[in-house]
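By convention in this document, chain letters (A, B, ...) are assigned in the order of the sequence lines, proteins followed by strands, and residues within each chain are numbered from 1.
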Amino acid sequence: MRTPPRFRFWRTVHSHGWSSLAPFEIDRDTRSLGVALRIANGTVVHCSLRGGPHAIIAALTSKNPLRNDERDEIRRQIAGILRVDDDLSEFYAESRRYRKYRWIATSGAGRLMRAGSVFEDAVKMMCTTNCSWSLTQAMVRNLSLELGDRLEGFAAFPTASAIAQTTELFLRKKIRAGYRSPYLLEFARRVASGALDVEGWRHSNLGTGDLYEQVTSVKGMGPYAAGNLLRLLGRYDYLALDSWVRKQYYAKYHGGRKVRDETIERRYEPLGPWRGLFFWLDMTREWLALESPF
DNA sequence: GCGTCCAGGTCTACC
DNA sequence: GGTAGACCTGGACGC
């Protein structure tokens, strides 16, 4: 798959924590990203992805030979996950206007990795709320292992229907989702029934404020989760503050001293609709050390 | 090994 | 509109 100029595979993989959540797995030795994807007809395909100078190289494994249309579907999912088609030229032009952000354009940062579907991103986001990262990893892993379609040793992320058919007790006991269980179940049932078209959020014509309202109307999606999900939808108006980024901000700009959220928001306000992306990259600039040529 | 405390976002009830 | 308490789990800590 051809990639646009300044696309950085490994940087995108490390843009935030998603690559360490099932069904993704990272192989640091080969600098590859593995993922089990489910296509529309229910077939599970394992993809092993590597970055090249101008392309993503994908090795696909499936039970049966894949038809061309199935390969196209996989290609579209991979492009969506790695944000290959996102046009960041306007963002890079904006970053060049500020001396402290010029590194963003030159390093090709700014593509935030996402899941194969908006549903998966939203469920994962709910699983990041009010708990440690290790618990998030456990909940997401349990969802894939218990409810995802399988290919040999790999399991794809479960569909909305698969989660919708479970019970609150199952989600509590087997998934360890705790009090999030009724929220996850209600969300999955609304998506599975067609009452809520979350996949449409990626191409919605709604203004960001209206979309934010729609996202926060889902129980379990508060300001933090909604702000982060909007970033994965290509909307960067919200800072999506949580305890980790607040700590980073306090350390970077106030010697570790706590400040009000309004103070943080004031600093990034002049950066306009890209402020959420500037903020995230500003807080994670040290991750540059993880960078590879691709 | 056991008990206790705390961190982590969101919801709901209440003022 | 703002605030307090509940929700649930894993990890840290003290014994």
Side-chain angles (χ1 to χ4, degrees), chain A residues 16-22 112 114-115 118-147 157-158 160 163-164 166-191 195-196 198 201 208-233 235-252 254 256-266 268 275-277 279-280 283-284 287:
Chain A
H16 60 120
W18 255 209
S19 58
S20 65
L21 295 180
L112 303 182
R114 58 189 178 192
V118 176
F119 174 74
E120 183 178 335
D121 277 330
V123 168
K124 285 176 170 173
M125 209 57 82
M126 283 191 205
C127 291
T128 66
T129 60
N130 203 23
C131 66
S132 62
W133 185 245
S134 60
L135 180 55
T136 297
Q137 288 180 304
M139 284 187 267
V140 172
R141 186 170 55 242
N142 292 339
L143 281 169
S144 286
L145 293 177
E146 293 285 343
L147 301 170
F157 194 80
I163 298 178
T166 66
T167 62
E168 190 181 320
L169 188 65
F170 175 87
L171 295 174
R172 281 180 188 275
K173 299 297 175 193
K174 290 286 187 183
I175 307 301
R176 313 293 293 169
Y179 69 91
R180 301 165 198 79
S181 301
Y183 304 151
L184 290 172
L185 195 56
E186 183 186 327
F187 178 59
R189 286 180 174 166
R190 285 177 68 195
V191 173
L196 187 61
V198 292
W201 287 349
T208 305
D210 291 335
L211 194 54
Y212 177 88
E213 293 300 319
Q214 244 188 58
V215 174
T216 52
S217 74
V218 174
K219 268 190 192 170
M221 298 285 281
Y224 148 81
N228 266 314
L229 186 65
L230 282 171
R231 278 189 198 146
L232 302 186
L233 297 171
R235 315 277 191 128
Y236 305 102
D237 304 56
Y238 295 89
L239 301 190
L241 299 173
D242 67 2
S243 56
W244 186 83
V245 285
R246 284 189 185 97
K247 227 174 272 176
Q248 294 294 117
Y249 181 88
Y250 303 153
K252 184 159 188 165
H254 296 274
R257 185 176 54 85
K258 279 187 183 179
V259 295
R260 291 156 55 90
D261 287 353
E262 290 77 5
T263 305
I264 306 177
E265 280 156 10
R266 255 199 315 276
Y268 295 91
R275 59 189 176 275
L277 191 51
F279 173 62
W280 177 250
M283 294 301 101
T284 58
W287 295 3

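- The side chain of A:R176 places an N or O atom within less than 4.0 Å of a non-bridging phosphate oxygen (OP1 or OP2) of C:dG10.
- Interatomic distance, A:W287 CH2 to A:T284 OG1, rounded to the nearest 0.5 Å: 5.5 Å.
- The side chain of A:R180 contributes no N or O atom lying less than 4.0 Å from OP1 or OP2 of C:dC7.
- For B:dG9, the OP1/OP2 oxygens have a side-chain nitrogen or oxygen of A:S243 closer than 4.0 Å.
- Checking B:dG8, B:dT10, C:dG10 against the side-chain heavy atoms of A:S132 singles out C:dG10 as nearest.
- Evaluation of atom-type donor-acceptor distances gives no pair under 3.5 Å for the side chain of A:Y224 against the base of B:dG8.
- Rounded to an integer number of Å, the gap from A:F187 CZ to B:dC11 C1' is 17 Å.
- Judged by distance alone, the side chains of A:N228 and A:Y238 never bring a donor and an acceptor atom under 3.5 Å apart.
- Judged by the 6.0 Å distance and 45° axis criteria, A:K124 is positioned over the aromatic ring of A:F157.
- Nucleotide B:dG8 holds its C1' atom 15 Å from the CH2 atom of A:W244, rounded to whole Å.
- More than 12 heavy atoms of other residues, nucleotides or ligands lie within 6.0 Å of NZ in A:K252, so this atom counts as buried by the packing criterion.
- Closest non-hydrogen pair, A:M126 versus A:G220, comes out as CG-O, 4.1 Å.
- Spacing between atom CG of A:D261 and atom P of C:dT3 amounts to 13 Å, rounded to whole angstrom units.
- Side chain of A:Y183, nearest nucleotide from B:dC11, B:dT10, C:dT9: B:dC11.
- Looking only at atom types and distance, the side chain of A:S181 has no donor-acceptor partner in the side chain of A:R172 under 3.5 Å away.
- Between A:L171 atom CG and C:dC8 atom P the separation is 13 Å, expressed in whole Å.
- Between the NZ atom of A:K219 and the CD atom of A:E186 there is a distance of 5.5 Å, given to the nearest 0.5 Å.
- Checked against C:dC8, B:dC11, B:dT10, the side chain of A:K219 finds its nearest nucleotide in B:dC11.
- Taking a pair as Watson-Crick or G-U wobble with both distances under 3.5 Å, DNA chain B forms stems of 3 or more consecutive pairs at B:1-15 with C:1-15.
- Atom CG in A:L229 sits about 16 Å away from atom C1' in B:dT10, given to the nearest Å.
- When the nucleotides C:dG11, B:dG8, C:dT9 are ranked by their closest atom to the side chain of A:N130, B:dG8 comes out on top.
- As judged by a 4.0 angstrom heavy-atom cut-off over every strand, A:A177 is placed among residues making no nucleic acid contact.
- With C:dG10, B:dG8, C:dC8 as the choices, the nucleotide that has an atom nearest any side-chain atom of A:K247 turns out to be B:dG8.
- A:L135 has its CG atom 11 Å from the C1' atom of C:dG11, to the nearest Å.
- In the model, A:Y236 has no side-chain atom that pairs as donor or acceptor with a side-chain atom of A:T208 under 3.5 Å.
- Taking the nucleotide of DNA chain C with the nearest heavy atom to each of A:G178 and A:S134, the more 5' of the two is matched to A:G178.
- Atom CE in A:M125 sits about 18 Å away from atom P in B:dG8, given to the nearest Å.
- A:W133 has its CH2 atom 13 Å from the C1' atom of B:dG8, to the nearest Å.
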